[in-house]
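Single-structure report; data block below.
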2 protein chains.
Amino acid sequence: MSVAVENFVKAIYKNGKRDNNDTKPGNIAKELGISNAAATDMAKKLALKDLLHYQKYQELKLTDKGTKMALNVVRKHRLWEALLFKLFDLSLHDIHREAELLEHQTSDLLANKISEYLGNPKFDPHGDPIPNSDGEITTIDTSITLSNTEEGKTYIISRLMSDDKEFFDFCGQHGLKYGNTVLVSKQFSKNKMTQILIKNNTILLNEDFTSIIYVNEQD
Amino acid sequence: MSVAVENFVKAIYKNGKRDNNDTKPGNIAKELGISNAAATDMAKKLALKDLLHYQKYQELKLTDKGTKMALNVVRKHRLWEALLFKLFDLSLHDIHREAELLEHQTSDLLANKISEYLGNPKFDPHGDPIPNSDGEITTIDTSITLSNTEEGKTYIISRLMSDDKEFFDFCGQHGLKYGNTVLVSKQFSKNKMTQILIKNNTILLNEDFTSIIYVNEQD
DNA sequence: ATAAATATTTAAGCTTACTTAAAAATATTT
DNA sequence: AAATATTTTTAAGTAAGCTTAAATATTTAT
């Protein structure tokens, strides 16, 4: 399927997941930066391909086939984000932009290889869940925030749930990266600060940060 | 520029480098799997964009601008091949296919990051040169074959110059991979065998293999 | 409930990147 | 050098994925 089609079903999927939940052509058009007319047109075509249900003036509803396609694209997007984030020193914004293009040119085989390489992660660097190759999404997150960790234990960073540039700059400077290992050397119950050892450096974090950094206990 | 345009200039560039050297529309068409008419059509359009010189019934000649574009695509292709080869256990054939798609969706920024990550390699896993960001190609290869190495020294694998599947299967099994480090433990002048230490394993190679494995001395 | 505002749909048209078929030029063979 | 074969070009047409403008339906506000 084409890039346009993949982006179309992805936009419906994402809009459907959101609070507003509006999947009428106009909203999808806005998301994709195309005209309403083009969205209606595409919707009719995709209905013929059994990717969505189309009824005039109604919300667009993905079929199972359409949902599967959307999840497959989302999977590839988030796997690319995770890989690029791990390998390169790039801003999350840049990473998102690259992944937006690469997601459409990635075979299932390559996606699986990326996933395997990363240890089949369940979440991308934003903390968004990565669908598995069957399109299943893990909603139960076993990770905990850094503020809820125990002294002396070692953890692996699993989510950096933020869109804040400054936070990510800080993370970049101190090796706080998806997949990296941290040792919690001290938890200060008084002022809710956490002292961690990462990459041979001791750093002190306040609750603003420890509450958005998610980790998993190392096996 | 579009994928079609990028592939078109790339095909001219590659055909121009080959022995036959035929860059008439028919040959480019064959390379790309499109009709002769489509190739002529495209040639006229690209001439207007100053990417090539077009004269009826003559060979297509890339302009400087066109050559630059072709080299940029080739660079991205080969960087992707090098990266995928390093990271994943995929056949060179699969890697080529993935790179063929990814090359068109890769920003210059990402290309530079990949290059940097790999240590700015001058050759891809096939042994083909990787143009730098200015489109310059290193033709002088400082690497030597494994058969010409010295005992006791450590080298980094720089080229595996083969298209043979069995050779690459062997390489995969023994960690003979682009970028990996080998210690030459013994050179047998008599039967031209080479004993190397790689990934904590000692293996013995005959000249068939040591003459197509290129390495650089470790600094 | 009706008028005004907004959204959707239809219709006509554009560009890109192809196709096939026929005409024109070039290359090859004898 | 002429005849034949091949290649290139032109011409006409198609599908995808858009656009704008106008018609139609729905939603919101009064």
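Naming convention: chains lettered A, B, ... in sequence-line order (proteins, then strands); numbering from 1 in each chain. For the numbers below, each heavy atom of this structure counts, side chains included, while hydrogens, waters and symmetry mates do not.
Judged purely by atom type and a 3.5 angstrom limit, B:Asn180 uses its side chain to pair as donor or acceptor with the backbone of B:Gly175. Checking side-chain atoms of B:Asn132 against main-chain N and O of B:Asp134 turns up a donor-acceptor pair under 3.5 Å.
Annotation: of the two residues near DNA chain D, B:Pro25 and A:Gln58, the 5′-most nearest-nucleotide partner is B:Pro25. Nucleotides of DNA chain C nearest to B:Lys49 and B:Ala39 differ in position, and the one nearer the 5' end is that of B:Lys49.
In summary, B:Lys10 and B:Glu100 engage in a salt bridge, as defined by a charged side-chain N under 4.0 Å from a carboxylate O. Checked for salt-bridge contact, A:Asp108 and A:Lys76 meet the test: a charged N lies under 4.0 Å from a carboxylate O.
Closest approach to the B:Lys56 side chain among D:dT10, D:dT7, C:dT10 is made by D:dT10 (side chain taken as heavy atoms from C-beta onward). Closest contact between the side chain of A:Ile34 and the listed nucleotides D:dT10, D:dC18, D:dT9 involves D:dC18. If you check D:dG17, C:dT19, D:dT8 against the side chain of A:Lys45, the one that comes closest is D:dG17. Residue A:Ala37 places its side chain closer to D:dA21 than to any other of D:dA21, C:dA25, C:dT8. Across C:dA17, D:dT8, C:dA7, the shortest atom-to-atom separation from the side chain of B:Ser2 is found for C:dA17. Of the candidate nucleotides C:dT16, D:dG17, D:dC18, D:dG17 has the atom nearest to the side chain of A:Val5. Listed nucleotides C:dA17, D:dC18, D:dT9 differ in distance to A:Met42; the shortest reach to its side chain belongs to D:dC18.
OP1 or OP2 of D:dT9 sits under 4.0 Å from a side-chain N or O of B:Tyr54. In this model, the phosphate group of C:dA27 is approached by a side-chain N or O of B:Lys24 to a distance below 4.0 Å at OP1 or OP2. Using a 4.0 Å cut-off, no side-chain N or O of A:Ser35 falls inside it from OP1 or OP2 of D:dT20. For the pair A:Asn36 and C:dA7, the criterion of a side-chain N or O lying under 4.0 Å from OP1 or OP2 is not met.
The closest side-chain donor-acceptor pair between B:Asn7 and B:His104 falls under 3.5 angstrom.
Rounded to whole angstrom, the span from the NE2 atom of B:His104 across to the P atom of C:dT16 amounts to 18 Å. Atom CD of B:Glu6 is separated from atom C1' of C:dA17 by 15 Å (rounded to the nearest Å). Across the protein-nucleic acid pair, B:Leu46 atom CG and C:dT16 atom C1' stand 12 Å apart, rounded to whole Å. Separating the NZ atom of B:Lys30 from the C1' atom of D:dT6 is a distance of 11 Å, rounded to the nearest angstrom. In this structure, B:Leu32 atom CG and C:dT19 atom P are separated by 10 Å, rounded to whole Å. Put simply, CG on A:Asn27 is 18 Å from P on D:dT26, counting in whole angstrom units. Put simply, NZ on A:Lys44 is 15 Å from C1' on D:dG17, counting in whole angstrom units. Rounded to an integer number of Å, the gap from B:Asp41 CG to D:dG13 C1' is 12 Å.
Nucleotide C:dT29: paired with D:dA2 (Watson-Crick or G-U wobble, both distances less than 3.5 Å).
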Show the numbers, then the answer: is there a side chain to side chain contact (heavy atoms under 4.5 Å, CB included) between A:Ser115 and A:Arg75? CA-CA 9 Å; A:Ser115 178; A:Arg75 168 175 163 79; 4.0 Å; yes

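Counting any heavy atom pair closer than 4.0 Å across all strands shown, B:Ala38 reaches a base atom.
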